[in-house]
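Structure below; questions to follow.
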2 protein chains.
Amino acid sequence: MMSMKCKYALKALIQLGMGYDKGYIMASTISEAENIPKKFLEQILLELKHAGFVGSKQGYGGGYYLKRKPAEISVADVYRLFDGAISLVPCVSLNFYEKCDDCKSEKVCLLKPEFLKIREGARVIMSKTTIQTFLNLAKKTN
Amino acid sequence: MMSMKCKYALKALIQLGMGYDKGYIMASTISEAENIPKKFLEQILLELKHAGFVGSKQGYGGGYYLKRKPAEISVADVYRLFDGAISLVPCVSLNFYEKCDDCKSEKVCLLKPEFLKIREGARVIMSKTTIQTFLNLAKKTN
DNA sequence: ATAAAACTCTACTAAGTTGATAGAGTTTGT
DNA sequence: ACAAACTCTATCAACTTAGTAGAGTTTTAT
């Protein structure tokens, strides 16, 4: 399960995607549209900004905008930012590798080869699903 | 990432799988073989017992044994027992369905259809990987 | 200039989860 | 009777999660 933070981030990115290249969108607008506590959302948008996914402008008339193309922000990217590794165990993680401290030797770990396959399965599909994917769905529905 | 509990459970099940149909295996044996704190492992084995994956016998000469065939215990089964839903959000979970309380309407949720696909991807591969899969690997290595 | 709007940043907190540890109890073989 | 080994429940420290709070900064309109 992903954290609320990650889910809120995806929802916010979709909202920003809907207004892509159309100026600034305020946190309060997204907050109301998606039922996300405003102050919590501000933190999230800030993290997204620091990570380079969104840009912002302060002051009256300000707000947030998508800095990358919707097709260039994947669920995997957002998941990694807020929830960390996609893999089930740290020792098969691409981006968050760590030795499992209970394992005596990685070379003879029985879990590892299969867990690599599971990670690849999850990673591929989460990487293929982007903000654009959700936007396409929104179009069809309307 | 899966919890240590879940990972320990898988390791314990593999150990029991290696001794499938060969009598009882003690918690202490598994504990030493896999570097799992003994008392913690006992809790885990008890949960596995209550869930019907393993059987046990008390007293001198007792221990645990696999109650189901190794091919009939999947990573998905064990994950669900210890860590819960495989899906990223509760509203697309097969076994742990819950309404997302931030979503205004499930019918128009943009996330849902794609999150269903992601869950299916993860679920299929985690269901196909069983204790037998790991045992086959162990054979090859030896 | 100044007030208000809107983002920025840091600190804090209550509740829940995780990864154990502890110990008393039960069953069984010798 | 005794010890080995599983059974069950309680407890706990550390960490994470999902927010809340509030002071600070930037920008625009008037």
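Every chain is numbered from 1, with letters handed out A, B, ... down the list of sequences.
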Does a nitrogen or oxygen in the side chain of B:Y65 sit under 4.0 Å from OP1 or OP2 of D:dC6?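 For D:dC6, OP1/OP2 do not have a side-chain N/O of B:Y65 under 4.0 Å.
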
Given that B:Q58 and A:G63 both sit by DNA chain C, which one's nearest nucleotide is further toward the 5' end?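 The answer here is A:G63.
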
Trace of the side-chain hydrogen bond (donor to acceptor under 3.5 Å, both in side chains) decision for B:S56 with B:K49: CA-CA 7 Å; B:S56 66; B:K49 184 189 174 181; 3.1 Å; yes

Could a donor-acceptor pair under 3.5 angstrom be found where the side chain of B:E47 meets the base of D:dT7?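 For B:E47, whose side chain was compared with the base of D:dT7, there is no donor-acceptor pair (under 3.5 Å).
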
Phosphate contact (C:dT28 OP1 or OP2) by B:K57 side-chain N/O below 4.0 Å: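 It does not, given that no N or O in the side chain of B:K57 lies less than 4.0 Å from OP1 or OP2 of C:dT28.
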
Looking across every strand, which nucleic acid part, if any, lies under 4.0 Å from B:Y8 by heavy atom: base, sugar-phosphate, or nothing?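 Since only primed, P, OP1 and OP2 atoms lie under 4.0 Å of B:Y8, the category is sugar-phosphate.
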
Under the 3.5 Å rule, do the base of D:dG19 and the side chain of A:K38 count as making a donor-acceptor pair?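 When only heavy-atom distances are counted, A:K38 does not reach the base of D:dG19 through any donor-acceptor pair under 3.5 Å.
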
At 4.0 Å (heavy atoms only), tell me whether B:Y24 reaches a base, stays on the sugar-phosphate, or touches nothing.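 Nothing, no heavy atom under 4.0 Å.
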
Could you give the distance from CD (B:Q15) to NZ (B:K11), rounded to the nearest 0.5 Å?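 One gets 9.5 Å once the value is rounded to the nearest 0.5 Å.
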
Under 4.0 angstrom between A:H50 side-chain N/O and C:dC9 OP1 or OP2: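 True: A:H50 side-chain N/O within range (under 4.0 Å) of C:dC9 OP1/OP2.
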
Return the value, rounded to whole Å, for the distance between atom CE of B:M26 and atom C1' of D:dT7.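 In whole Å, D:dT7 C1' lies 17 Å from B:M26 CE.
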
State whether B:S56 places a side-chain N or O below 4.0 Å from either non-bridging phosphate oxygen (OP1 or OP2) of D:dT7.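 Yes, because at least one side-chain N or O of B:S56 sits under 4.0 Å from OP1 or OP2 of D:dT7.
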
Any side-chain donor near an acceptor of the partner, A:N136 and A:T133, under 3.5 Å: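 The answer is no; no qualifying pair exists.
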
